[in-house]
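Step one of this worksheet: look at the structure below.
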Number of protein chains: 2
Amino acid sequence: MSAPRIARIDQSKLRENVYFALRDAFTRGEFAPGDTVSLRDLAEQLGTSMTPVREAVRRLVAEGALIDTPSRTLQVPAFDARRMQDLKQARLALEALVLDLAMDRMTPEIIAAMEAVLTTHSDPGITGPDLQQNYDFHFTLYRASESEVLLPLVEALWLQYGAYLNLIIKHEEALRMPEHKHHQEIIAALKAGDRAAAHAALANDIERSFRVLVPTA
Amino acid sequence: MSAPRIARIDQSKLRENVYFALRDAFTRGEFAPGDTVSLRDLAEQLGTSMTPVREAVRRLVAEGALIDTPSRTLQVPAFDARRMQDLKQARLALEALVLDLAMDRMTPEIIAAMEAVLTTHSDPGITGPDLQQNYDFHFTLYRASESEVLLPLVEALWLQYGAYLNLIIKHEEALRMPEHKHHQEIIAALKAGDRAAAHAALANDIERSFRVLVPTA
DNA sequence: GTCCGGATATCTGTGATATTTGATCTTAGG
DNA sequence: CCTAAGATCAAATATCACAGATATCCGGAC
């Protein structure tokens, strides 16, 4: 292990690329709940054959972002208040857990990275909340947990949540929410090493992100 | 690397059947951590072509039961104490959540079903703990939560845990553990509607199941 | 004799494509 | 208007072609 470290070749796999392409589409709110998607259409759109698309889609189904219907068509899960409630509770429970692990391993560098995320706006032309920034902020934090078990679960939850992001644009008042308030609180709590405050701020942020989606809940 | 025994499957829904066949194999502890598996071998053992196996395996990878190696071979995750710890914490958090939801919807019928599970031994010839019975007991309870979000997550955790079940047989003393103690406590708490007691019993049961695996932890 | 290097044989998954199966829609017959 | 047979389309499965990885083995240098 004394040899100079050389980065591994980027094993470019079509399946992975398709998966992340679809994943991105979800987090951008490109899919509407209830939409049906066709493997052929996706394959043609992405310029590949059906095989990589099918495997990527299998993964998305396993993660709950898509569901198989009895008629063998694929569908984006329809909106469901009960499901939304489950999603929120799962996020509250798991992300609290991940936060604890992350705080065990917290460093000034990570906090700095989180602050950097907040100051760099991804795209000046966006209309709604900066979804990419929000994602980056949370996962910069969560990655600090270094948990190979929890992180994929949390990502799966965000992906399922992503299927509803399409509905955000509808609520004008949501756009003017103080988006960074809880994020700043989280950073302050991290700096102070105050676990209770960090948990409270994170919980509030999660609650907020669901209020954006369902203002009445 | 000895070929795990996997039951043949009938036609129709090949992909699903392959998935569940492999899943069963995991919960029976047929795979040893570190094992590599081959799509062609599995396809031949199951009497299908590679395609359904590939899709089933993709799902298992997404759920963390198998991992892709850089050399593109599939591998059962090797034992890892850190990972085990994460798994336990995730199970404690999520199953507590599911327990709460289940208790909101608890009925005498469900409790009776859980008791029935405990009195019917699946296979008289088994040597170790009755894994199938344990699974059935917990998921009879968890299904009562009716959560389409949380249940798959918990199943994924059990599946990852399952990759280590192979190691149980090694610990002779574990076999004589009072297996049903916590299960009976859970049932008693459910009957009494005592949430705190139910949570405590479930937590103890989860801790126990990891102690069976890693006696020193 | 032992150790190292390279060639090759034989695995592996990946991606593409052809074939089969099943479901839905249309439409002809009642 | 309703029913049922057939046309149509997409997904599920099987098969094929290929490139990368591992293992084996053989030859030569020390």
Side-chain angles (χ1 to χ4, degrees), chain A residues 1-3 6-23 31 34-78, chain B residues 1-4 6-23 25-26 31-78 163:
Chain A
M1 270 302 166
S2 58
I6 301 174
R8 274 205 98 94
I9 292 297
D10 177 19
Q11 186 94 306
S12 163
K13 288 188 232 201
L14 231 35
R15 181 213 312 145
E16 293 286 298
N17 291 345
V18 171
Y19 171 76
F20 285 113
L22 294 177
R23 196 174 209 289
F31 294 102
D35 273 3
T36 64
V37 297
S38 137
L39 293 184
R40 280 181 170 75
D41 285 353
L42 291 176
E44 191 173 358
Q45 235 173 299
L46 294 161
T48 74
S49 93
M50 282 176 57
T51 309
V53 175
R54 198 166 34 230
E55 301 195 11
V57 160
R58 273 309 121 207
R59 180 165 169 189
L60 291 169
V61 170
E63 291 170 344
L66 289 172
I67 52 178
D68 282 317
T69 65
S71 63
R72 304 201 288 185
T73 60
L74 290 164
Q75 192 179 328
V76 182
Chain B
M1 192 50 180
S2 58
I6 304 171
R8 286 233 161 191
I9 60 189
D10 56 19
Q11 292 299 39
S12 86
K13 294 279 184 198
L14 238 37
R15 180 187 50 210
E16 291 287 299
N17 290 349
V18 169
Y19 171 76
F20 285 113
L22 293 177
R23 194 175 213 289
F26 266 102
F31 295 102
D35 272 3
T36 64
V37 298
S38 137
L39 295 184
R40 283 182 173 81
D41 281 355
L42 291 177
E44 191 174 358
Q45 280 185 62
L46 295 161
T48 75
S49 90
M50 279 174 61
T51 307
V53 175
R54 272 162 75 172
E55 302 196 11
V57 160
R58 272 310 119 206
R59 181 167 170 189
L60 291 169
V61 170
E63 292 170 342
L66 290 172
I67 53 178
D68 284 315
T69 65
S71 63
R72 303 206 276 190
T73 60
L74 290 164
Q75 191 178 322
V76 182

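Chain naming here is simple, since letters A, B, ... match the order of the sequence lines and numbering starts at 1 in each.
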- Message: Between B/E16 and B/R59 (salt bridge meaning N to carboxylate O under 4.0 Å), is one present in this structure?
- Response: yes
- Atom of A/I67, atom of A/P77 and distance for their closest heavy-atom approach: CD1-CA, 4.1 Å
- Query: Closest to the A/S71 side chain: C/dA23, C/dA16, D/dA14?
  - Reply: C/dA23
- Query: B/E44 has an atom CD; how far is it from atom P of D/dT15, in whole Å?
  - Reply: 13 Å
- Task: Could you grab the distance from atom CZ of A/R40 to atom OG of A/S49, nearest 0.5 Å is fine?
- Result: 11.0 Å
- Pairwise 5' ranking along DNA chain C for B/T73 and A/M50, keeping only the more 5' one: B/T73
- Which part of the nucleic acid does A/S38 contact within heavy-atom distance under 4.0 Å: base, sugar-phosphate only, or nothing? sugar-phosphate
- Message: Of the options C/dA16, D/dA12, C/dT14, whose atoms approach the side-chain atoms of A/R58 most closely?
- Response: D/dA12
- Message: Starting the side chain at C-beta, find the nucleotide from D/dT15, D/dA12, C/dA16 nearest to A/S49.
- Response: C/dA16
- Task: Grab the CG-C1' distance between A/L74 and D/dA11 for me, whole Å please.
- Result: 9 Å
- Task: Check whether the side chain of B/R54 and the base of C/dG15 form a donor-acceptor pair under 3.5 Å.
- Result: yes
- Candidate nucleotides D/dT13, C/dG13, C/dG15, ranked by approach to the side chain of B/L39 - the nearest: C/dG13
- Query: D/dA12 base to A/R72 side chain: any donor-acceptor pair below 3.5 Å?
  - Reply: no
- Query: Tell me: CG of B/D68 to P of C/dT12, nearest whole Å?
  - Reply: 15 Å
- Query: Does any N or O donor sit under 3.5 Å from an N or O acceptor when you compare the side chain of B/T51 with the base of D/dA14?
  - Reply: yes
- B/T36 side, atom OG1; B/L74 side, atom CG - distance, nearest 0.5 Å: 8.5 Å
- Could you state the CD1-C1' distance from B/I67 to C/dG13, rounded to the nearest angstrom? 16 Å
- Item | Any N/O donor-acceptor pair, B/R40 side-chain to C/dG13 base, under 3.5 Å | yes
- Message: As a test of understanding, state which of B/V37, B/V57, B/N17 forms a side-chain contact (heavy atoms from CB on, under 4.5 Å) with B/L22.
- Response: B/V57
